[in-house]
Amino acid sequence: MSQQPEKDKNFVPSRRSFLQGGLTAAGGAAVAAIGGGAALAAGTPDPAITELKDWNQYSGPGVDAAPYGVPSPFEAHVVRRDVPWLTADPISSINFTPLHELDGIITPNGLCFERHHSGVAEVDPAEHRLMINGLVDKPLVFTMQDLMRFPRENRVYFLECAANSGMEWRGAQLNGCQFTHGMLHNVMYTGVRLRTLLEEAGVKPSGKWILAEGADASGMGRSIPIEKALDDCLVAFKMNGEALRPEQGYPVRLCVPGWEGNMWVKWLRRIEVGDKPWQLREETSKYTDLMPDGRARRFTWAMDVKSVITNPSPQAPITHGRGHTIITGVAWSGHGKIKRVDVSIDGGRNWQHARIDGPSLSRSLHRFYYEFNWDGSPLYLQSRAIDEHGYVQPTKNALRAARGDNSIYHNNGIQTWYLKSNGEAENVEVS
Amino acid sequence: MSKFLKFTASIVLLGAAWATNASAQDADAGEKVFRKCAACHAVGDGAKNKVGPELNEIFGRVAGSHEDFKYSNAMVKAGEEGLVWDHDSLTQYLAKPRDFVKGTRMAFAGLKKDDEIANVIAYLATFSANAEQAAAEPAPAAAEGGETKPTETAEAPATNAADAVIPEHGVYHLGREALPEEVAAWDIDVRPDGVGLPVGSGTVADGGVLYDENCAVCHGVFGEGEGRWPVLAGGYDTLTADRPVKTIGSYWPFASTIFDYVHRAMPFGNARSLDADQTYAITAYLLYLNDIVTDEDFELSNETFSEVSLPNEENFYPDDRLEEANFATNVEPCMENCGDGPAEIVMRARILDVTPDGDDESGAGGID
């Protein structure tokens, strides 16, 4: 807890600062920049129009000012954030994607949440190897260059940590969809099918499982059934067109579409084929779901159908007052495409279909919008996703009835934001 | 009077001879080396004590003198006898901590390479006002060796394309056969049926010594977990409690997981430093801390491993989420006038401020 970096100090989704200043300190600049003109009394000319601006008069920096471009300084508050009390040390910790600042379906590379078990491995690609061994005809070693010579595919997939929303099992706890739902990102990967690599080595008929292992100091390892390995798993080296970021597994990671993020082994260096699962720490001590009877589910791989409203939300209040209002959010399912998203503004009593816009891809985020005329009265906002198989996102109470409070992982319950008349939103649960 | 006095003297004598500016590259390379320390030490703005003391202003600090840190008696004594941290004493300490300060609690084997030591000291010097006169001698070899060379895009092939040898295997004839030594170097995983166990052995008693040296700082002398570091023992009969304590003894299904995980990932920050015998011994001791073996003379080995089983093994079952009522019915959900009466708030976010000083206990569960 003592490791809190400076950057977080000025961001506090606190009600006090919200009420005093109208806006949080960090969000203030951006919202004022966008909405500032609205406060002018009618008939007063807008200085944003009548005054000559510096950028209108003086030339800006030249082409090489930022060889690798960075966001506008007005977007400086759009960053990953952590919750220090969650873990003992930042080297084995987590931060969260700022979902409330994003739109569309793609997560920018620098904003994809991070979860490491022994920090970010800094791997020299020239010294990186991927080995395939075990029940294969010929154990093989590939360099990065070898990998890039196999036929490539481009696929958009979401990655969600199984513990996303895990802090909310006992009730509403964190104020902000970044914290409640931000162990989530959606990226276009370029890579080689794991199947292609396994076929190059030749899987023996007795090979029923694979072990995927990372090169970092945690030696991250997970067992994956061979059916999944031969189906859609991807050995990826690019994200959103550029090389993987170090914190996402540079130079190469595994994608296990629709399945929990922990299995997407980063810094992937070895695939072993075997006839039984390995039962390593991350699939026994962790990532098993404790039930109320004291028994535990294991191999709970798929991420079930889920959605959340990203705007408005506690970190993204409504500042424009009543009138035409847009509710937006994301929906996803580890089982396939999203068929429909419903939105309720009265805490689940009545539901309307939301509009899905942008590509609808299997095991990828879907962006939804619901537009309505807000009269300024308090609302309980909820979203509910239904996937192509008809699986319906459950209420949190339905999940608790089946699983109790202590299963940590796989909380895909419906989220409620309490939208107050002043535009502020709070994480609540309703009857 | 003390062997440490000579270091203080050496600063005076050699101070002028040492380059006054540690080159930026040394410190940069040192920042990378410092990752080996970062599990236990912080340095820089706002650095706090962790498992080890924060290392700001380490140059000129009397050993064992950080006010808020609880040192070993050995470190305090070394300070009283005149050990002051400077380039020379740090060099010796970081090479072999336990030889240099006998009885130090720093569970770290030492840095093997001289350039790593020089660079990490140069890095620490950037956080010490007193470091000028003690600035590190540049380590020229490391300046180049330690830097990652960005690979240029156009990497000219060394030979003619037509001379490339194409292997026979597979569909695309890419990659090469892995050598047995290479497979052995990486394939260290261990399965519940014992497949993968290396030859070796270690007793509970040996494991206790190793555990106290390498693990107890974080996991506690009894496996109870210091601060928020993971708890490794106890928690029996808590799996149905309001706050379950999941440990090796109370929760884990397989003893092989202990061996595999400790061998690949612990001690945190210095993974893969334990050999097979040491790992058997520590695994035996963890079983002992969890009352799974009770005899201090018990020797765990690749041969005795199959005698051990963990009590919770039977209580795991395959995923059946989709059979839960909500998913199994798969019915069209209610769209209008659902529920009884208007919705009312039954629970509000308990943490309004996600602040660093937030009450530690407030986080229910955590993320594991």
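Sequence lines set the chain letters: A, B, ... in the order given, protein chains first and strands last, and positions in each chain run from 1. From a predicted model like this one, the values you see are computed outputs, not experimental measurements.
Using a 4.5 Å cut-off on side-chain heavy atoms (C-beta onward), Ser285(A) and Tyr261(B) make no contact. Under the 4.5 Å side-chain criterion, counting only non-hydrogen atoms from C-beta, Arg170(A) is not in contact with Met347(B). Residues Arg297(A) and Pro318(B) have side chains not in contact (no heavy-atom distance under 4.5 Å, counting atoms from C-beta outward). The closest side-chain heavy-atom distance from Val331(B) to Val392(A) is not below 4.5 Å. With a 4.5 Å cut-off on side-chain heavy atoms, Met131(A) and Val183(B) count as touching.
For chain A, the nearby parts of Asn337(B) are the backbone and the side chain; heavy atoms of each come within less than 4.5 Å.
In this model, a donor atom of one side chain and an acceptor atom of the other lie less than 3.5 Å apart for Tyr251(B) and Thr288(A). There is no side-chain donor-acceptor pair under 3.5 Å between Trp252(B) and Thr284(A).
Between atom CG of residue Asn412(A) and atom CZ of residue Arg321(B) there is a gap of 8.0 Å, rounded to the nearest 0.5 Å.
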- Item | salt bridge (Lys or Arg N to Asp or Glu O under 4.0 Å) evaluation trace for Arg281(A) with Asp260(B) | CA-CA 8 Å; Arg281(A) 183 240 187 184; Asp260(B) 177 276; over 6 Å; no
- Task: Determine, step by step, whether Glu272(A) and Arg191(B) satisfy the salt bridge (Lys or Arg N to Asp or Glu O under 4.0 Å) criterion, reporting the C-alpha distance in whole Å, the side-chain angles of both residues, the deciding distance to 0.1 Å, and the verdict.
- Result: CA-CA 12 Å; Glu272(A) 181 173 348; Arg191(B) 281 193 336 201; over 6 Å; no
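By number of non-hydrogen pairs under 4.5 angstrom with chain B, the leading residue of His335(A), Glu199(A), Arg269(A) is Arg269(A).
In terms of modelled atom types and a separation under 3.5 Å, the side chain of Asn406(A) and the main chain of Asp242(B) share a donor-acceptor contact. Not a single donor-acceptor pair under 3.5 Å links the side chain of Asn350(A) to the backbone N or O of Glu336(B). Side-chain N or O atoms of Glu429(A) include none that pairs as donor or acceptor with a backbone N or O of Ile345(B) at under 3.5 Å. With hydrogens and angles disregarded, no donor-acceptor distance shorter than 3.5 Å links the side chain of Glu426(A) to the backbone of Arg348(B).
Evaluation of the salt bridge (Lys or Arg N to Asp or Glu O under 4.0 Å) rule for Glu313(B) yields no partner, not counting sequence neighbours. In this view, Phe299(A) and Trp209(A), Trp301(A) satisfy the ring pair (Phe, Tyr, Trp, His ring centres under 6.0 Å) rule, not counting sequence neighbours.
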